Amino acid sequence: MPSDELERDTIAAIATPVGRGGIGVVRISGVRAPDIARRLLGEVPPARCASLKTFRDATGAALDEGIAIYFPAPHSYTGEPVLELQGHGGPLLMQSVLAACLDAGARLAEPGEYTRRAFLEGKLDLAQAEAVADLIDAASREAARSALRSLSGAFSAAIGTLQTGLVELRALTEAMLDFPEDDVDALHRDDAQRRLSALRRSLDDVLAKSRQGSLLRSGIHVVLAGRPNVGKSSLLNRLAGEERAIVTPIAGTTRDALREPIQIEGVPLVVVDTAGLRASADLVESLGIERTQRELARADVVIAVFEAGTAGDALEGLPPDARRIDVYNKLDLFPHFTPPAGALALSAKTGLGLETLRRAILEAAGWSSAGESVFLARERHLRALESAREHLSTAVNERRWELFAEELRLAHAALGAITGEFSADDLLGEIFSRFCVGK
Ligand SMILES: Nc1nc2c(ncn2[C@@H]2O[C@H](COP(=O)(O)OP(=O)(O)OP(=O)(O)O)[C@@H](O)[C@H]2O)c(=O)[nH]1
Ligand SMILES: [Mg+2]
């Protein structure tokens with residue numbers, strides 16, 4: 001730990017959202033918290049008890065009356081002495097309480113600084129600290145549940161188990177480096193390979209759960225595309241459960257891409273309705289079609305919409321790598337219509353076939369977990385896991401103990417980056433700067 005971390009400033013911030021509210025919280029963390037309590041409240045409140053207090057400024061004038069809670073170190077969110085002042089949540093009032101804290105010796109906290117301190121004090125590892133931000137930002141029930149699981153340490157524990165396995169294998173390998181006689185070697189080589197296979201299986205399992213979880217974090221981008229008037233907007237409204245997009249019998253109704261966040265089984269998706277694809281002389285419509293092409297380029301899943309009773313035709317500009325679901329709409333008009341193999345038939349008007357479409361969307365997006373525990377992994381975690389996986393694959397074919405040991409060491413380091421065991425300062429800066437102030 002650098003020495004400036006030992007002599008940390010005491011920080012203060014408004015922890016509740018900006019604006020009017022029934023309650024507003026100012027949070028102070030650092031060695032001066034007791035001193036600030038004495039200046040504002042006249043005394044340090046008893047540990048972890050809610051005390052009704054008058055908050056006063058440096059001149060002794062009353063600012064607000066509210067609840068003060070003092071958390072002595074190390075039993076606080078940051079691991080430092082923490083004072084929480086819960087006052088009336090008016091913006092001006094909160095500002096004046098905060099100003100009194102600054103006058104009493106605190107400085108304004110930076111975004112994520114409380115959680116960063118919690119990390120430095122060993123209250124949380126890096127994956128858990130990230131889960132705090134993910135929990136706050138969770139856009140769906142499933143995402144929130146996964147974030148909470150990571151926060152409680154389930155993800156870190158899975159990484160920890162992998163690391164323990166690696167440490168054991170590394171110890172075995174290091175021993176071999178000292179005794180390279182042939183007979184011992186063969187025995188240990190078998191043992192090492194067995195352990196290595198088990199480790200690789202566990203790693204693949206964690207990686208699969210993390211890939212699933214990353215879908216929850218980023219949300220799945222689903223784009224509706226097709227000729228004008230086939231019912232794309234009607235389908236969006238159905239999926240959203242509300243009349244979001246304008247629907248008319250006029251071809252070329254939708255001009256601009258319309259995004260709608262929806263959830264299917266708690267999984268967050270963004271569904272984009274687009275302008276129908278056709279050659280158009282209308283300037284606005286042409287611009288809309290350009291936007292359709294842009295949306296298509298970054299789709300995870302494309303729903304290509306056709307009309308029942310027609311053969312469907314080739315749609316230009318569909319990205320080759322996105323998953324595609326072909327849908328024949330207006331089944332109510334052609335109840336005996338059978339879609340081509342692999343395509344779905346449905347009716348946006350009656351809702352027939354919509355459930356099948358919802359399931360198909362999740363499946364196309366790669367979501368397979370039926371309530372099973374997934375990890376709300378970030379891109380950073382996926383990269384680290386993939387890197388660890390590569391080192392283990394290299395190790396499998398490595399006959400030289402020194403190089404075998406080196407691959408294990410690198411895999412170990414990659415996993416350590418997830419929990420912050422081996423993390424550079426700039427990575428920490430990058431992670432915590434995305435937090436809100438007061439967290
Ligand atoms: N009978 C029937 N009519 C439908 C169905 N879905 C859409 N329609 C009708 O088809 C017409 C076009 O629907 P939209 O949802 O506006 O079609 P769109 O693909 O968004 O059209 P553009 O925005 O012009 O590209 C409207 O009159 C809808 O009421 C359906 O399942 N059955
Ligand atoms: Mg439309």
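Keep in mind that what you see is a predicted model, and the values were worked out from it rather than measured. Remember, it's 1-based here, ligands and their atoms both numbered in the order they're listed.
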Where at least one partner belongs to residues 127-161, residue pairs that pass ring-ring contact (aromatic ring centres under 6.0 Å, His included), sequence neighbours excluded | Phe155-Phe375, Phe155-His381
What residue and heavy atom of the protein are closest to atom 1 (N) of ligand 1, and at what distance?
-> Asp332 OD2, 2.9 Å
Who are the side-chain hydrogen bond (donor to acceptor under 3.5 Å, both in side chains) partners of His88, not counting sequence neighbours?
-> Asp64
Answer yes or no: does an N/O atom from Val230 fall short of 3.5 Å to an N/O atom of ligand 1?
-> yes
Under-4.0 Å heavy-atom contact with ligand 1, by part of Ser234 that carries it = both
Is the closest N or O pair between Asp273 and ligand 1 shorter than 3.5 Å?
-> no
Check: of Gly276, Ala348, Gly353, Gly252, min heavy-atom distance to atom 24 (O) of ligand 1 comes from Gly252
At under 4.0 Å between heavy atoms, which part of Asn329 makes contact with ligand 1: side chain, backbone, both or neither?
-> side chain
Looking at Arg259 and Asp273, does any basic side-chain N land under 4.0 Å from a carboxylate oxygen?
-> no
Test: Glu407 and Arg170 ion pair at under 4.0 Å | no
Distance from atom 22 (P) of ligand 1 to nearest protein heavy atom, with residue and atom | Asn229 N, 3.6 Å
Which of the numbered atoms in ligand 1 are below 4.0 angstrom from a heavy atom of Ala251?
-> 24 (O)
Between Asp256 and Arg291, is there a salt bridge with N-O shorter than 4.0 Å?
-> yes
Indicate yes or no: does an N/O atom of Gly231 lie under 3.5 Å from an N/O atom of ligand 1?
-> yes
Charged N-O contact under 4.0 Å between Lys209 and Asp205 = yes
Would you mind running through ligand 1 and noting each atom that sits below 4.0 Å from a heavy atom of Ile250?
-> 24 (O)
Nearest heavy-atom contact between Ala275 and Ile289 is CB-N, 4.1 Å
In ligand 1, which numbered atoms sit nearer than 4.0 Å to a non-hydrogen atom of Leu333?
-> 1 (N)
Looking only at distances, please establish whether an N/O atom of ligand 1 is found under 3.5 Å from an N/O atom of Thr274.
-> no
For residues 286-331, the ring-ring contact (aromatic ring centres under 6.0 Å, His included) pairs (sequence neighbours left out) are Phe306-Tyr328, Tyr328-Phe337
Does Arg27 count as lying over the ring of Tyr77, i.e. NZ or CZ under 6.0 Å from the six-ring centre, within 45 degrees of the axis?
-> yes
Minimal non-hydrogen separation, Gln128 against Ser156, with atom names = CG-OG, 3.9 Å
Pair Asp326 + Arg324: basic N to acidic O under 4.0 Å | yes
Number of protein N, O or S atoms [distance to the Mg ion (ligand 2) under 2.8 Å] | 2
